[in-house]
Protein chains: 2
Amino acid sequence: MLSTHCTPAQTAVLQTLQRQHRPLSAQSLYTLMCQHQRIGLATVYRSLDALKRLGRVQHRATLEGEMLYSAVEADHHYMTCLHCGQSFPLDRCPLKAIEAQLQGSSSFTIYYHTLEFFGLCEPCAIQMDGISQSLSL
Amino acid sequence: MLSTHCTPAQTAVLQTLQRQHRPLSAQSLYTLMCQHQRIGLATVYRSLDALKRLGRVQHRATLEGEMLYSAVEADHHYMTCLHCGQSFPLDRCPLKAIEAQLQGSSSFTIYYHTLEFFGLCEPCAIQMDGISQSLSL
DNA sequence: TTCGAGAATGATAATCATTCTCATTTTATG
DNA sequence: CATAAAATGAGAATGATTATCATTCTCGAA
Ligand SMILES: [Mn+2]
Ligand SMILES: [Mn+2]
Ligand SMILES: [Zn+2]
Ligand SMILES: [Zn+2]
């Protein structure tokens, strides 16, 4: 437990995550990995937790409260629509400079960050506009 | 449902949230509100959901996967330690400029954002340092 | 090489935040 | 007042996550 190297399961989970282009839930990760190797659901959760505390894996929560995991190398962020739930990726991470600055001015060691914008996508904004107009006729 | 004004329950939930200095979970909010008024747990969840979609309430997830809610006026962010779980508040929101810029360059309407840094607080960093040293003796 | 302690694992049960159901109450409106 | 729609609360159902526990693996000491 105090060892500094990864267990076989942790390595497998990390490698699987690194192959993905999108964040995955623990459940999907489990389903995916089961197709290629023998692994238990609990081990997937345990590995994700360990990797998270090692700073190798980052997480974000969906609107439904499910956790999505991704390798820290994939520093991606999204704008998520509160109406339809769709997530739209940002071009690039806008926090590089800010994180560096924070590192300098505080004794906290930053491994990674989560950043997400919430609001309305264009179609949903138009749709809701139409609804409120039809109400005020 | 399509009405643009808040229901009594939504108003009560929002006012209670606005009085808090820290984000609250739906459960704590329910416990707190029960002391002063009659309200159901489901209504608390429904109100939070509605307020979220109205852009009046924002949310973030704890490491344990519980959602915390706060009024959008309270634009606060934290650095959370992956070892002890403690959250340390940031002095100010470093995203004002970035959010304005994003609003301009995209058709997405932003209501609010979540931002959180994860890593090790100083005590935990020292503690883990001590452990890894004692291991390599 | 063999042994034993501790770590890792997988199957399964338990937990618990959140959502769903539905009967009842409140609100809006003529 | 009468009626329909919306809101509400109590409790059941859901489902992601965590806890248990018996088994298997790791690895240093003898
Ligand atoms: Mn980033
Ligand atoms: Mn902010
Ligand atoms: Zn949308
Ligand atoms: Zn800490």
Side-chain angles (χ1 to χ4, degrees), chain A residues 1-16 23-54 57-70 82 85 131-132 134-137, chain B residues 1-17 23-54 57 59-70 82 85 131-132 134-137:
Chain A
M1 185 269 278
L2 291 175
S3 64
T4 180
H5 76 283
C6 287
T7 68
Q10 286 167 25
T11 304
V13 166
L14 183 55
Q15 288 182 347
T16 306
L24 282 188
S25 69
Q27 302 278 349
S28 337
L29 203 48
Y30 168 67
T31 304
L32 181 60
M33 294 184 71
C34 274
Q35 300 173 359
H36 301 295
Q37 59 208 284
R38 183 169 194 278
I39 193 169
L41 179 59
T43 302
V44 172
Y45 276 102
R46 279 188 290 243
S47 300
L48 285 171
D49 187 58
L51 290 166
K52 206 169 62 180
R53 281 179 305 185
L54 287 171
V57 155
Q58 72 180 128
H59 70 279
R60 73 185 180 102
T62 68
L63 284 181
E64 292 76 37
E66 193 177 27
M67 281 301 181
L68 301 183
Y69 301 86
S70 55
L82 292 168
I131 289 175
S132 60
S134 73
L135 280 180
S136 57
L137 281 183
Chain B
M1 185 268 278
L2 292 174
S3 64
T4 179
H5 75 283
C6 286
T7 69
Q10 287 167 25
T11 305
V13 165
L14 183 56
Q15 287 182 347
T16 306
L17 268 186
L24 282 189
S25 69
Q27 301 280 349
S28 338
L29 202 46
Y30 168 66
T31 304
L32 181 60
M33 294 184 71
C34 274
Q35 299 172 0
H36 302 296
Q37 60 210 281
R38 183 168 194 277
I39 193 168
L41 179 58
T43 301
V44 172
Y45 276 102
R46 280 188 289 241
S47 300
L48 286 171
D49 188 58
L51 291 166
K52 206 170 63 181
R53 281 180 306 185
L54 287 171
V57 155
H59 71 280
R60 70 183 182 103
T62 67
L63 283 181
E64 291 77 37
E66 193 176 29
M67 282 300 181
L68 302 183
Y69 300 87
S70 55
L82 292 168
I131 289 175
S132 59
S134 72
L135 279 180
S136 58
L137 279 183

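Bear in mind that the values here come from a model prediction, so they are computed numbers and not experimental data. Letters go in sequence order (proteins before strands), and every chain restarts at 1.
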Quick check: on DNA chain C, is the nucleotide nearest B:Pro8 upstream (toward 5') of the one nearest B:Asp49, or the reverse? Name the residue that is more 5'.
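Comparing both residues, the 5'-ward one is B:Asp49.
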Which is true for [X] with a 4.0 Å heavy-atom rule: it touches a base, it touches only sugar-phosphate, or it touches nothing?
X: B:Leu41; answer: base
X: B:Arg38; answer: sugar-phosphate
X: B:Glu66; answer: sugar-phosphate

Looking at every heavy atom in both B:Leu63 and A:Lys52, which two are closest together, and how far apart are they?
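Looking at all heavy atoms of both residues, the closest pair is O-NZ, 4.0 Å.
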From [atom1] of [X] over to [atom2] of [N], roughly how many Å is that when rounded to an integer?
X: B:Arg46; N: D:dT8; atom1: CZ; atom2: C1'; result: 6 Å
X: A:Leu63; N: D:dG15; atom1: CG; atom2: C1'; result: 17 Å
X: A:Gln10; N: D:dT26; atom1: CD; atom2: P; result: 14 Å
X: B:Gln37; N: D:dT8; atom1: CD; atom2: C1'; result: 13 Å
X: B:Tyr30; N: C:dT18; atom1: OH; atom2: C1'; result: 14 Å
X: A:Ile39; N: C:dT9; atom1: CD1; atom2: P; result: 8 Å
X: A:Met67; N: C:dT18; atom1: CE; atom2: P; result: 11 Å
X: A:Glu64; N: D:dG15; atom1: CD; atom2: P; result: 13 Å

Atom pair CG (A:Leu24) and OG1 (A:Thr16), whose distance is rounded to the nearest 0.5 Å:
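Result: 9.0 Å between the selected atoms.
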CD-CG distance between A:Gln58 and B:Leu82, expressed to the nearest 0.5 angstrom
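That separation rounds to 11.0 Å.
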Any idea which of D:dA16, D:dT8, D:dG11 is nearest the B:Ala9 side chain?
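For the B:Ala9 side chain, the nearest candidate turns out to be D:dT8.
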Ignoring the backbone of A:Thr43, work out which of D:dA16, C:dA17, C:dG10 is nearest its side chain.
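Between D:dA16, C:dA17, C:dG10, the one nearest the side chain of A:Thr43 would be C:dG10.
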A:Cys6 and A:Val13: CA distance, side-chain angles, deciding distance, side chain to side chain contact (heavy atoms under 4.5 Å, CB included) verdict
CA-CA 10 Å; A:Cys6 287; A:Val13 166; over 6 Å; no
Considering just the side-chain nitrogens and oxygens of [X], establish if one lies under 4.0 Å of OP1 or OP2 belonging to [N].
X: A:Thr7; N: C:dT9; answer: yes
X: B:Ser25; N: C:dA17; answer: no
X: B:Tyr45; N: C:dT18; answer: yes

CA sep, side-chain torsions, deciding dist, call: A:Gln15, A:Thr11, side chain to side chain contact (heavy atoms under 4.5 Å, CB included):
CA-CA 6 Å; A:Gln15 288 182 347; A:Thr11 304; 3.9 Å; yes
